[in-house]
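If you read the sequence from its start, that first residue is 1, and numbering goes on from there. All values below come from the heavy atoms of this structure, side chains included, with hydrogens, waters and symmetry mates left out.
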Amino acid sequence: MLKVLKPVITSGTFLLILTTVSNAAFAADTPINGSWRSDSLKISVSTGDSTYDQIYTDALNQWDRLSNLSISSTSKLGKFYAGTVYKTGASYDGICYTRKNSRGYIVSAEVFLNTSFTDSYPSGRKLGVATHEIGHGLGLKHNNTVTQQFSVMVPETVVDRQERTSSPQSVDTKPLNARYKLLYNVPQEYLGDELDVETEIDYSWANTYDDLTELSEEADLVVKAKVVKNKSKLTNEEDRKYVLTSTTFKVKDVLKGNKALKNEEIMVNQDIGEVNGYRVYSDEVAEFTAKQEIYLYLKEGESGNYYTINGDQGVLFENKKNSEEYSHVSFGIFDEEDIEKSIKVD
């Protein structure tokens, strides 16, 4: 006699299925705001480490296999470069510098895995960061509409112990294919040249924080401070050009950390800024302006200077409409009492 097996679905299993279907059904395509002038790309992989070289090669192979682009690695130095950097004074495990002209076409890109984080990562997590950063180098932005398994372009590597997927998903490849398909309809003279080039930075944040209390737990120093001045300078690594901006703050109050810093000056570094018409920017890191009063959630970096946790995630800006309130890019608006109550001191 033929047995008919009926699936048994518990309430917990049903909720998991419902959540999974919901995320997949309402996932928005990953934004894209630039492209190369060709859909056939060779990427220079040069890390000096065979393990990382292979991680990048595997990442490139994934984009080549799952998208309509032709992507391969080469040992020859070119305009799309993939390497590593060891930087302890940062919250990111991966970073991408994309230089685009005024028509939105990419003229060069460099992606780096930050080995101060990734050296301790298992291979699958390394691959996810590399694939993420290559995606930025191809023109993709962050996808903030889905959970970790539905896009390799989600901003954080780990959220609630769930790792970012290590391979491109349909929400990533669909907009990529559509954008590069347009190249066949654009006359070559309209593709632009390398004039009016600006550099955009995109990050892969190693960790995520759900509220101000979690930020304060991670921070070495939490202060209320006012901008005194900032200074930008060019930094060069081999034939690549970057910008470092150091902002001086006068500390008005110390909520966590060294209380002796009250009424003293501290320095906060950012990877953005402009020097002699050369501009580097990021939509995840806002420039500090003179006399701005803000709350800073800081980690101590190199040479005794500080950096904000996850870019603007580590900043509360004074509300322009109400000077007694402060705005966070993700968590909303807080008054000073709310902020002080949220601080978790060890």
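The distance from atom CD1 of I343 to atom OG of S216, rounded to the nearest 0.5 Å, is 4.5 Å. To the nearest 0.5 Å, atoms OG1 (T57) and CD1 (I43) are separated by 10.0 Å. From D210, atom CG reaches atom CG of D160 across 5.5 Å, with rounding to the nearest 0.5 Å. A distance of 7.5 Å separates CG of D29 from OG of S170, quoted to the nearest 0.5 Å. How far CD of Q270 is from OG1 of T247: 5.0 Å, rounded to the nearest 0.5 Å.
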Going through the distances and angles, do N143 and T145 end up as a side-chain hydrogen bond (donor to acceptor under 3.5 Å, both in side chains)?
-> CA-CA 6 Å; N143 192 325; T145 69; 2.7 Å; yes
Candidate pair S116 and N114, rule side-chain hydrogen bond (donor to acceptor under 3.5 Å, both in side chains), full reasoning = CA-CA 6 Å; S116 71; N114 184 357; 3.0 Å; yes
Might you work through the ring-ring contact (aromatic ring centres under 6.0 Å, His included) test for W36 and F80, ending with a clear yes or no?
-> CA-CA 10 Å; W36 292 81; F80 196 156; 5.3 Å; yes
Kindly determine whether H142 and H136 satisfy side-chain contact (heavy atoms from CB on, under 4.5 Å), including the steps that lead there.
-> CA-CA 8 Å; H142 281 154; H136 283 315; 3.2 Å; yes
For salt bridge (charged side-chain N to carboxylate O under 4.0 Å, His left out), just list the numbers for E200 and K141, CA-CA rounded to whole Å, side-chain angles, deciding distance to a tenth of an Å, and then say yes or no.
-> CA-CA 11 Å; E200 182 174 14; K141 300 294 291 178; 2.4 Å; yes
Decide salt bridge (charged side-chain N to carboxylate O under 4.0 Å, His left out) for K250 and E265; before the verdict, give the C-alpha distance in whole Å, the side-chain angles of both, and the deciding distance to 0.1 Å.
-> CA-CA 5 Å; K250 179 70 174 290; E265 292 185 345; over 6 Å; no
After noting the C-alpha distance and the side-chain angles of F249 and F288, does the key distance pass the ring-ring contact (aromatic ring centres under 6.0 Å, His included) rule?
-> CA-CA 10 Å; F249 287 88; F288 298 126; 5.1 Å; yes
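The aromatic rings of Y97 and Y242 sit tilted, their planes meeting at an angle between 30° and 60°.
For residues 310-344, every residue pair satisfying the ring pair (Phe, Tyr, Trp, His ring centres under 6.0 Å) rule, not counting sequence neighbours, is listed here: Y295-Y326, H328-F331.
The cluster map of Ile, Leu, Val, Met, Phe, Trp and Tyr, joined by side-chain heavy atoms under 4.5 Å apart, puts V329 and V222 in different clusters. No single ILVMFWY cluster, assembled from side-chain heavy atoms under 4.5 Å apart, contains both M267 and L296.
Shown here are the side-chain contact (heavy atoms from CB on, under 4.5 Å) partners of S40, two or more places apart in sequence or in another chain: S38, S70. The side-chain contact (heavy atoms from CB on, under 4.5 Å) search around E156 returns V159, W205, T208, not counting sequence neighbours.
For the residue pair D58/Q54, the side-chain donor-acceptor check at 3.5 Å is satisfied. Q169 and S167 share a side-chain donor-acceptor pair at under 3.5 Å. When only modelled atom types and interatomic distance are considered, Q313 and S330 share a side-chain donor-acceptor pair under 3.5 Å. In this structure, a donor-acceptor pair under 3.5 Å is absent between the side chains of N230 and T245. When only modelled atom types and interatomic distance are considered, T165 and Q149 share no side-chain donor-acceptor pair under 3.5 Å. For the residue pair T115 / Y52, no side-chain donor-acceptor distance below 3.5 Å is found, with atom types taken as modelled. One side chain, D93 or Y121, offers a donor N or O that lies under 3.5 Å from an acceptor on the other. With hydrogens and angles left out, the side-chain atoms of S204 and R164 include a donor and acceptor closer than 3.5 Å.
Looking at K299, its side chain never comes within 3.5 Å of a backbone N or O of A90 through a donor-acceptor pair. A donor-acceptor contact shorter than 3.5 Å is absent between the side chain of K229 and the backbone of T248. Looking at S120, its side chain does come within 3.5 Å of a backbone N or O of F117 through a donor-acceptor pair.
A salt bridge is defined here as a Lys NZ or Arg NE, NH1 or NH2 lying under 4.0 Å from an Asp or Glu carboxylate O, and D271 with K87 meets this definition. Here R99 does not pair with E198 in a salt bridge; the nearest charged N to carboxylate O distance is not below 4.0 Å.
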